[in-house]
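What you see is a predicted model, and the numbers here were worked out from it, not measured in a lab.
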Amino acid sequence: MNVILLLASFHTDEGLSPDGRERVIEAATMLREDSSSKVVITGGELAYGVAGPHHAYVEAELAREGIDAQRVLARLVDTAHTADEAAQTSSLLQSVHYAKLTIVTSLVHYPRAPFVFAHFFDFARLTFVFVPDKSAKDVTRFNYLHEMEAYHEDRKRG
């Protein structure tokens, strides 16, 4: 079995961000192409007061894409950042026989996502799908700066 890890993005009360939807569409395409694969979705309540946990919005979007809820291997609801997602996924997959882990995230998340996941997984079993960001330029710039800051913090922590 292959596992697809769909990293969290952000959402509003109306639903996922455009970038979040693009990630779901990419993951749904991969799930349709490999009927034995499963998906792990991440994200709980957001810190800025938006109603509902992120994983519920992702799961609803997957259902709109025709993906049955039984394809969801797990919902990691207590993750606050990429290192949490990597650590919790690593713990989860220790008890699961899987061939490959594919991480679906935004292009702006490169190079930090590979850097973080390499600490928790055998890199030979990892693949990354970086979905191009379609956000407005100011949001993309903010995300890029956030990712660079987080990357440097991760490097300091080792």
Side-chain angles (χ1 to χ4, degrees), residues 1-110 112-114 116-117 120-137 139-140 142-144 146-147:
M1 164 180 67
N2 293 320
V3 176
I4 299 164
L5 175 61
L6 184 50
L7 296 187
S9 57
F10 69 93
H11 65 270
T12 67
D13 289 332
E14 288 79 43
L16 293 177
S17 68
D19 292 342
R21 276 193 293 281
E22 290 297 321
R23 291 183 195 188
V24 170
I25 290 166
E26 184 66 36
T29 299
M30 293 172 18
L31 287 160
R32 285 190 292 271
E33 290 172 354
D34 179 1
S35 63
S36 68
S37 62
K38 298 279 187 175
V39 64
V40 174
I41 52 182
T42 66
E45 298 287 341
L46 296 181
Y48 48 83
V50 176
H54 185 74
H55 67 86
Y57 287 91
V58 171
E59 198 160 359
E61 198 71 32
L62 282 168
R64 279 191 278 285
E65 288 292 319
I67 304 302
D68 189 275
Q70 299 215 352
R71 301 287 301 279
V72 178
L73 178 64
R75 295 156 193 86
L76 305 179
V77 300
D78 295 325
T79 56
H81 49 73
T82 307
D84 285 345
E85 292 169 322
Q88 287 188 32
T89 302
S90 176
S91 294
L92 168 73
L93 294 183
Q94 287 178 8
S95 62
V96 174
H97 177 69
Y98 72 100
K100 177 176 72 169
L101 174 64
T102 300
I103 294 107
V104 177
T105 189
S106 292
L107 184 58
V108 74
H109 211 180
Y110 180 82
R112 188 165 68 97
V116 170
F117 278 88
F120 294 92
F121 292 91
D122 173 6
F123 211 72
R125 293 176 76 184
L126 293 177
T127 58
F128 293 86
V129 174
F130 295 104
V131 179
D133 304 294
K134 295 186 178 187
S135 298
K137 287 183 180 179
V139 174
T140 301
F142 171 80
N143 287 343
Y144 179 77
H146 164 77
E147 289 300 325

Can you list everything that forms a side chain to side chain contact (heavy atoms under 4.5 Å, CB included) with S91? Sequence neighbours excluded, please.
none

Determine the minimum heavy-atom distance between [X] and [Y], stating which atoms define it.
X: V116; Y: A83; result: CG1-CA, 3.7 Å
X: E59; Y: A69; result: OE2-CB, 3.7 Å
X: F130; Y: A113; result: CE2-CB, 4.4 Å
X: S106; Y: R23; result: OG-NH2, 2.7 Å

Side-chain donor/acceptor pairs under 3.5 Å, residues 97-105, sequence neighbours excluded:
from	atom 1	to	atom 2	distance (Å)
T102	OG1	T127	OG1	2.7
T105	OG1	H109	ND1	2.6

For the residue pair R71 and S35, confirm or rule out a side-chain donor-acceptor distance under 3.5 Å.
no

With distance as the sole test, does R21 use its side chain to make a donor-acceptor pair with the main-chain N or O of E61 at under 3.5 Å?
no

Side chain of S90, backbone of A86: donor and acceptor closer than 3.5 Å?
no

So how far is it from [X] [atom1] to [Y] [atom2], rounded to the nearest 0.5 Å?
X: I41; Y: I4; atom1: CD1; atom2: CD1; value: 12.0 Å
X: L5; Y: F128; atom1: CG; atom2: CZ; value: 9.5 Å
X: T89; Y: D84; atom1: OG1; atom2: CG; value: 10.0 Å

Would you say that [X] contacts [Y] through its side chain, given a criterion of any heavy-atom pair below 4.5 Å between the two side chains?
X: V39; Y: V58; result: no
X: V131; Y: D19; result: no
X: L76; Y: E85; result: no
X: V3; Y: L92; result: no

Does anything in residues 29-38 pair up under salt bridge (Lys or Arg N to Asp or Glu O under 4.0 Å), and if so which pairs, sequence neighbours excluded?
R32-E65

